[in-house]
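In what follows, chains carry the letters A, B, and so on, assigned in the order in which the sequence lines appear, proteins first and then strands, with residues in each chain numbered from 1. Predicted, not measured: the structure shown is a model, and the values here were computed from it.
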Amino acid sequence: MRTGNSWKKFGIFAAFPLAVFAIVLVFPFAQGFYLTFTNWDGFEQTAFVGFDNYTKSFKDPVFWSTLVFTTKFVIVSLVAVNVVAFGLALLVTAKLRSANILRTFFFVPNLIGGVVLGVIWQFIFNTALVSISSKFSLPFFQESWLNQTTTAFWALIIVTVWQSSGYMMIIYITGLISIEQDVIEAARVDGASPFKMLWAIKMPLMAQAFTISLFLTLRGGFMAYDVNLALTGGGPYRTTELISMHIFQDAFAFGNFGTGQSKAIVMFIIVAAAALAQVTISKRLEVER
Amino acid sequence: MKASLGIAKKATFISGLIIAIAYFAPFVLVFVNALKPKYDILANPLAWPTQITWDNFNQAMTKMNFFRSLTNSVIITVLSVGALILFSSMLAYYLARTKSKFTKTTFLILVASMIVPFQALMIPFMSIFAQFVSLNNRAALVFFYIGFGVALSTFLYHGFISKIPMDLDEAASMDGANDFAIFWKIIFPMLRPVTATVAIVNALWIWNDFLLPRLVLTPETQTLPLSTYLFYGQYSTEYGQAMAGLLLAVLPIIVFYLILQKQFISGISTGAVK
């Protein structure tokens, strides 16, 4: 691009998208941060209240149990999604003639929004599995998994794995394919066992795929809302509310805009810190190997 | 040695098949039950239908206003994705080709903004934009999607444009072309692979988005995920109709995927590697 008439260039190429970005994202973010220090009730603010909204948020026992529940959910879903996705990627790249069809099947759940997936699985857990259980008198599924906090947690994990493993599988497939065949051939000649090959050769050479996939699942776990809403709705008794739903409920169902927004800022800080830590650690591992 | 390889291959194939069936079973279950009258579902949700009824589909289509929601979803997705392609590619070109402190900082802010969860904005969002939304909520939603999608899309384009040599621009500029013409006639056609990625990644997100439309749209302008959710909430005891509604909701995107499968897969892998 030529130098000179730089204002005109800015006007043509950048002004509109940057303005929209500022209006939609930057301004509400700054405004939201500012409002947590006032007595804002959703319509007007009349006074500064310092950290009151934050202290109130952290005194809310439901918020604490939500944070614990969300952390558990993020860790378990992160591990489960990535283990399954990596397994699927290995399966699909194992030079089967049916690889393309299998890949299609694994990927399809990912096309569908969390809300629709959630209600499909609600039917499965509430009706289909209960009916199988009574027909064959199985010991589990006698009662719907969604009625108990512990089993509802695992139901959330199952649906999340089913939904996102296909997407992460694609990322791992890309990583596996990018490894040069010479390296693998050389390791084979040296007599590396299949396990050693995977652990010492393939996985380090595709470390970037792990960085990306872990980042996406970490972020997705913290931000999960749709599946949560449609599958458990937070029940029984608000014990399966993930942080996103908790914030939504606090603000829009109970009208606590001040604490709702402070909790949202807390959520932002947690997500940013966790993602930053994960990417830094992963990048360091990428370089070391 | 060869025989054992053959067995290993068969074992992988069979385990793959079993997992594929498990992944697809929920859809089959929904389909089978969508064809049954209510009392058959209650008797046994797993049995094949003894008598097939298409009535569930008719009922679901009218009650969830299927064609209206489908039209809304298509309009909103197409307009948002089109606008994102147009504006992000131009912005990325500007940021990649103009080297200054301003463009560097702007790019960094865009990248950093991708970590901000929507939940951190949604509460002030509604009070700031309430009037704009009430004016025309579909236009407002498209405007919001441009704001939320521009960072990732620009980032994807930026990586690709940086690899295109500047000589191309300079040669065209010597021939008397202006910046606008250089971009649209020379650079943009070269961006086709990224454009496919940007289109697919954004289309999947916007088509399935729930939280933002839930806050913004009215009953007349509902998208498919919204009307499905509301319909299911109202008629969840009418199992057959609920299942038919779910099937209708997933059908468009699955058909779209089967047609464009190759682009989907390569789009996601290029998007992820960046």
Determine the minimum heavy-atom distance between B/Q261 and A/N100, stating which atoms define it.
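Heavy atoms only, the tightest pair is OE1-O, 4.3 Å.
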Identify the heavy atoms of B/Y157 and B/A92 that sit nearest to each other, and give their distance.
CB-CB, 3.4 Å
Among side-chain atoms of B/Y23 and A/S165, is any donor-acceptor pair under 3.5 angstrom?
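Indeed, the side chains of B/Y23 and A/S165 share at least one donor-acceptor pair under 3.5 Å.
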Is [X] close to chain A through its backbone or its side chain, or both, or neither, when contacts mean heavy atoms under 4.5 Å?
X: B/M122; value: both
X: B/I115; value: both
X: B/F180; value: both
X: B/L258; value: side chain
X: B/A112; value: neither
X: B/L215; value: side chain
X: B/T154; value: neither
X: B/T12; value: both
X: B/A120; value: both
X: B/Y229; value: both
X: B/V30; value: side chain
X: B/P117; value: both
X: B/L204; value: side chain

How about [X] and [Y]: are their ring centroids closer than 6.0 Å?
X: A/F107; Y: B/Y257; value: yes
X: A/F210; Y: A/Y172; value: yes
X: A/W162; Y: B/F27; value: yes
X: B/W207; Y: B/F256; value: no

Output the option from [options] having the highest count of non-hydrogen pairs under 4.5 Å with chain A.
options: B/L110, B/L226, B/L17; value: B/L110
options: B/P26, B/S127, B/G149, B/S89; value: B/P26
options: B/I253, B/L91, B/I123, B/I21; value: B/I123

Heavy-atom distance under 4.5 Å to chain B: side chain of [X], backbone, both or neither?
X: A/F248; answer: both
X: A/I23; answer: both
X: A/L88; answer: side chain
X: A/V159; answer: neither

Best-contacting candidate, [options], against chain B by heavy atom pairs under 4.5 angstrom:
options: A/Q31, A/M223, A/R97; value: A/M223
options: A/A209, A/A272, A/S244, A/S213; value: A/S244
options: A/L229, A/N110, A/T127; value: A/L229
options: A/V116, A/L91, A/L35, A/V119; value: A/V119
options: A/F27, A/F105, A/F33; value: A/F105
options: A/F106, A/F268, A/F29; value: A/F106

Could you check whether any side-chain N or O of [X] sits under 3.5 Å from a backbone N or O of [Y], counting only pairs where one atom can act as donor and the other as acceptor?
X: B/T228; Y: B/L246; result: no
X: A/S164; Y: A/V161; result: no
X: A/Q278; Y: A/T211; result: yes

I need the single residue from A/N53, A/D250, A/T36 that forms a side chain to side chain donor-acceptor pair (under 3.5 Å) with A/T259. Which is it?
A/D250
If we check side chain to side chain donor-acceptor pair (under 3.5 Å) with B/R97, which of these qualifies: B/D169, B/D179, B/T103?
B/D169
Compare all side-chain heavy atoms of A/M169 with those of A/R103 and state whether any distance is below 4.5 angstrom.
yes
Any side-chain heavy-atom pair from B/F144 and B/V133 closer than 4.5 angstrom?
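Yes, side chains in contact.
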Return the OH to CG distance between A/Y225 and B/L211, rounded to the nearest 0.5 Å.
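That separation rounds to 5.5 Å.
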